[in-house]
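When reading the values below, keep in mind they use all heavy atoms of this one structure, side chains included, and skip hydrogens, waters and symmetry mates.
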Amino acid sequence: MQSVSELLTAQCREALVAAFGPSFQETDPLLMPTNQPKFGDYQANVALSLAKPLKQAPRAIAAQIVDHLAVDHLSEAPTIAGPGFINFKLTPEFLAQQLQQLQQHPRLGIDSVSDPQKIIVDFSSPNIAKEMHVGHLRSTIIGDSIARVLEFLGHEVLRLNHVGDWGTQFGMLITYLREACPEALIQADAVDLGDLVTFYKRAKERFDRDEAFREAAREEVVKLQAGERDTLRAWTILCDQSRREFDKIYQRLDIKLQERGESFYNPLLPNLVELLRQQQLLVEDQGAQCVFLEGFQNKAGNSQPLIVQKSDGGYNYATTDLAALQYRIQDDGADRIIYVTDAGQANHFAQVFQVARRAKLIPDTVEVVHVPFGLVQGEDGKKLKTRSGETIRLRDLLDEAVERARADFLERLRTDDRQESEAFINQVAQVMGLGAVKYADLSQNRTSNYIFSYDKMLALQGNTAPYMIYAYVRVQGISRKGNIDLSNLRSQLSIVLTDETELILAKHLLQLQDTLKTVAQDLMPNRLCQYLFELSQKFNQFYDRCPVLSAEDSVKASRLLLCDLTARTIKLGLSLLGISVVERL
RNA sequence: GGGGCUGUAGCUCAGCAGGAUAGAGCGACCGCCUCCUAAGCGGUAGGUCGCGCGUUCGAAUCGCGCCAGUCCCGCCA
């Protein structure tokens, strides 16, 4: 379906052309929702911006546009207000007709895109032999939501988990384990992941202070890269073990993604360096193979290098990312590649993208984009560091969230003197707890930093997942109470919108498509959260003022329709955030 | 030294392809359950949109400069 704003925009375009000629075909009418009800529902600001080129007064321009507007099938007569705004107020009849269409549309009015793209979303990406912590939560949840939205819109999405399963860290860890815990290297599950993390920290300490250890670790890396049998087996065991732990988390969070770690690209690295050499981008400096960057300077004011091959012959993660980029474009056939990582890597990606462009690895038709998010900070405003040991483990965080939701729900049951089955209580706790965690993260503009707080993350009131789930449950309550099968509402029922809250709700229901398109373009799930929160607010106001079941038949029918559309929209919207609902509370 | 991000109400943040009187949640205070579940609804209080200059008919939004916080910057990822 065409959205209301698309319909109005199209009409404005036609009016512009009719009034001022074909050269205005591409002029954006600058249509947007009004910020105040007294100005109607939408406003077109184009008249003001045309004042200078047309050398006419904005209000006079607006008048000419209005003269050529044919919008009486959807709006009351447009008015010119203030310095030259054109205001539109949608008619109740039009809204009713649009709602009817929505009701019959299997995807709530959202058509699949006509030009599906192959899109890679690279997210989550924990490191092998480390535990997932709150820092991984943001990438995982934001990436998953972006993938869900793009999938729903009809794109072919490849969700890639670019796990850290290669490199110096393994040299350290394996070297350390050889002496501290050799059984971990030959036998699966000889130690658990928590112990591995401890070993990793100790290995890192040794690496930082012990020259001989450092040398041994490097040799181990060389063996790994050469595919030496012992080392490779140790590596495989470590990876398998970590993978099982990750999968538990992903299963719990209902996140699907395909693992393709750094090691996957390892065989491609020599060719990539060779390619850079052929492109004459490579410069040897102090034994390392470098590409000197444009626009990046070091302290001395000289051009900064991106090292693609170390002086010892090893490769860096920049090399891997370049190889991955090449593979994803040439072999996966990606049209758009999205990297969801913390903002601290902005420089890195800018550099990698620059070198890739200069090496002609990125055709003009392919979009590569870093989707950064702010750091997870402690209460002190400092970055939560893995090495500090104060990091909160992801699985503990999720446990805590579910436990709090459960305690809260039990308290409510006690207050209302209700009895419920254990299974039901568990389900509510699960949905509410995990929903709260995900929503807390997604509802923030991802670029801002995130000060970690259990209390804020797990709040169950206000702009939270439970608020929206509650609105959804209210609709299901009406359905149960009235014995009404909402999925079976008569499609030709008449709709009468009279109360202000009904009109406001109806208008908001019709904006889902605009919202999803924005999210797909800007990759900002918080816009969808904002939309759903406002929808729930508007529904609750409607619910407060407009009885449904006790209303007379014609009114009741259209109110049921509003309820059903609201519930379906909330359920769909939350699902695109990776959040599920319950049918009752 | 260079660069990224951030700075909006007591707190946490939306808004930033320029648009009419800057919004929400939490917290505070005052109301609303004989009526579809109050995880709800209504109301009050609370802001020199970090500071300055500029572009513009119009700037929280764009540009430049400054201040503050945070992160990154050659062989870790």
*Could you tell me which nucleotide pairs with B:C64 by Watson-Crick or G-U wobble geometry, both distances under 3.5 Å, or answer none if nothing does?*
B:G52
*If you check the A:Q537 side chain, which of B:A20, B:A24, B:U56 turns out closest?*
B:A24
*To the nearest Å, give me how far apart CZ (A:F373) and C1' (B:C71) are.*
13 Å
*Nucleotide B:G42, atom C1' - distance to CD of A:E500 in whole Å*: 16 Å
*Testing A:L8, A:I65, A:L48 for side chain to side chain contact (heavy atoms under 4.5 Å, CB included) with A:I86, which one passes?*
A:I65
*Check: A:Y339/A:H162 side-chain N/O donor and acceptor closer than 3.5 Å*: no
*Closer to the 5' end of RNA chain B via nearest nucleotide, is it A:K481 or A:G314?*
A:K481
*Side chain of A:R480 only, please: which of B:C16, B:U37, B:A24 is the nearest?*
B:U37
*Taking the six-membered ring for Trp, are A:Y467 and A:F533 parallel (under 30°), tilted (30 to 60°) or perpendicular (over 60°)?*
tilted
*Can you tell me if the side-chain N/O atoms of A:Y472 get under 4.0 Å from OP1 or OP2 in B:G40?*
no
*Whole-Å distance separating the CG atom of A:D455 from the P atom of B:C26*: 15 Å
*Taking atom P of B:G40 as reference, at what distance in whole Å does atom CZ of A:R412 sit?*
8 Å
*Evaluate the salt bridge (Lys or Arg N to Asp or Glu O under 4.0 Å) criterion for residues A:D408 and A:R404: first the C-alpha distance (whole Å), next the side-chain angles of each, then the deciding distance (0.1 Å), finally the verdict.*
CA-CA 6 Å; A:D408 181 85; A:R404 287 200 189 202; over 6 Å; no
_Pairing partner (Watson-Crick or G-U wobble, both distances under 3.5 angstrom) of B:G42_ = B:C30
*Report the nucleotide, chosen from B:A20, B:U37, B:U21, that has the shortest atom-to-atom distance to any side-chain atom of A:K38.*
B:U21
*Kindly indicate whether a cation-pi arrangement holds for A:R584 with A:F424, taking the cut-offs as under 6.0 Å to the six-membered ring centre and within 45° of the axis.*
yes
*Who is the Watson-Crick or G-U wobble partner of B:U70, with both distances under 3.5 Å?*
B:G4
_Presence of A:N463 side-chain N/O under 4.0 Å of B:C26 phosphate oxygens OP1/OP2_ = no
_Nearest atoms (heavy-atom pairs only) where A:S5 meets A:T9_ = O-OG1, 2.7 Å
*Would you call the rings of A:Y176 and A:F199 parallel, tilted or perpendicular if under 30° counts as parallel and over 60° as perpendicular?*
tilted
*Would you check if there is a donor-acceptor pair between the side chains of A:Y439 and A:N463 at a distance under 3.5 Å?*
yes
*asked:* Counting only side-chain nitrogens and oxygens, does A:N45 get under 4.0 Å of the OP1 or OP2 atom of B:G18?
replied: no
*Return the nearest nucleotide to the side chain of A:Y470; candidates are B:A77, B:A38, B:G74.*
B:A38
*Nearest-Å distance for atom pair CD/P, residues A:Q345 and B:A77*: 11 Å
*Please measure how far the P atom in B:A20 lies from the corresponding atom in B:A28, and state the result in whole Å.*
33 Å
*Does B:C32 sit syn or anti, given that only angles within 90° of 0 count as syn?*
anti
*Indicate, with a heavy-atom threshold strictly under 4.0 Å, whether A:D165 touches base, sugar-phosphate, or nothing.*
nothing
*asked:* Distance check needed: B:A20 P versus A:N35 CG, whole Å only.
replied: 5 Å
*Please name the residue in the list A:Y531, A:F539, A:F542 that meets the ring pair (Phe, Tyr, Trp, His ring centres under 6.0 Å) test with A:H508.*
A:Y531
*asked:* Under 4.0 Å, counting only non-hydrogen atoms across every strand here, what does A:F533 touch: a base, just sugar-phosphate, or nothing?
replied: sugar-phosphate
*For atom P, what is the distance between B:A59 and B:U44, given to the nearest Å?*
29 Å
*Side chains of A:Q530 and A:E534: donor-acceptor distance under 3.5 Å anywhere?*
yes
*Counting any heavy atom closer than 4.0 Å, what does A:D408 reach on the DNA or RNA strands: base, sugar-phosphate only, or nothing?*
base
*Considering only the P atoms, how many Å lie between B:U61 and B:G7, rounded to the nearest integer?*
12 Å
*Heavy atoms under 4.0 Å, any strand shown: does A:A318 hit a base, just sugar-phosphate, or nothing?*
nothing
*asked:* Classify A:G344 by what it touches in the nucleic acid, base, sugar-phosphate, or nothing, heavy-atom distance under 4.0 Å.
replied: sugar-phosphate
_Using a heavy-atom cut-off of 4.0 Å across all strands, would you classify A:Q43 as base, sugar-phosphate, or nothing?_
base
_Is the distance between the ring centroids of A:F353 and A:H370 under 6.0 Å?_
no
*Test A:E294 against A:R357 for salt bridge (Lys or Arg N to Asp or Glu O under 4.0 Å), laying out the working first.*
CA-CA 12 Å; A:E294 296 162 359; A:R357 289 218 166 77; over 6 Å; no
*Mapping A:A471 and A:K52 to their closest nucleotides on RNA chain B, which lands nearer the 5' end?*
A:A471
*Considering residues, nucleotides and ligands other than A:Q521, do more than 12 of their heavy atoms fall under 6.0 Å from its CD?*
no
*Side-chain N or O of A:R418 less than 4.0 angstrom from OP1 or OP2 on B:U37?*
no
*Roughly how many Å is it from CG in A:L30 to P in B:G18, rounded to a whole number?*
8 Å
*asked:* Please give the distance between the C1' atoms of B:C13 and B:C66 as a whole number of Å.
replied: 26 Å
*For A:E262, answer base if it contacts any base atom (sugar-phosphate contacts may also be present), sugar-phosphate if it contacts only those atoms, and nothing otherwise; contact means non-hydrogen atoms under 4.0 Å.*
sugar-phosphate
*Compare every heavy atom of A:L523 with every heavy atom of A:R446, then report the nearest pair and how far apart it is.*
NE-O, 2.9 Å
Check nucleotides 3-12 of chain B for protein N or O atoms closer than 3.5 Å to its own N or O atoms and list the pairs.
residue, atom, partner, partner atom, Å
B:C5, O2', A:T447, O, 3.3

*Does B:A22 have a Watson-Crick or wobble mate here (both distances under 3.5 Å), and if so which one?*
none
*Considering only the C1' atoms, how many Å lie between B:G31 and B:A38, rounded to the nearest integer?*
14 Å
*May I ask you to list the residues of residues 523-532 of chain A, by number, that have any heavy atom positioned under 4.0 Å from an atom of RNA chain B?*
A:N526, A:R527, A:Q530
*May I ask you to check whether over 12 heavy atoms, not counting those of A:K571, lie within 6.0 Å of atom NZ?*
no
*Near RNA chain B, under 4.0 Å by heavy atom, which residues of residues 538-552 of chain A?*
A:N540, A:Q541, A:Y543, A:D544, A:C546, A:P547, A:V548, A:L549
_Whole-Å C1' distance, B:C51 and B:C67_ = 7 Å
*For A:L50 and B:C57, what is the distance between atoms CG and P respectively, to the nearest whole Å?*
14 Å
*Heavy-atom pair with the smallest gap, counting every atom of A:R138 and A:N445*: NH2-O, 4.3 Å
*asked:* What's the gap between B:C29 and B:A68 when it is taken at their P atoms, as a whole Å value?
replied: 38 Å
_Rounding to an integer number of angstrom, what distance separates B:G10 and B:U70 when you compare their C1' atoms?_
23 Å
*Sugar-phosphate only, base, or nothing, as touched by A:S49 at under 4.0 Å among non-hydrogen atoms*: base
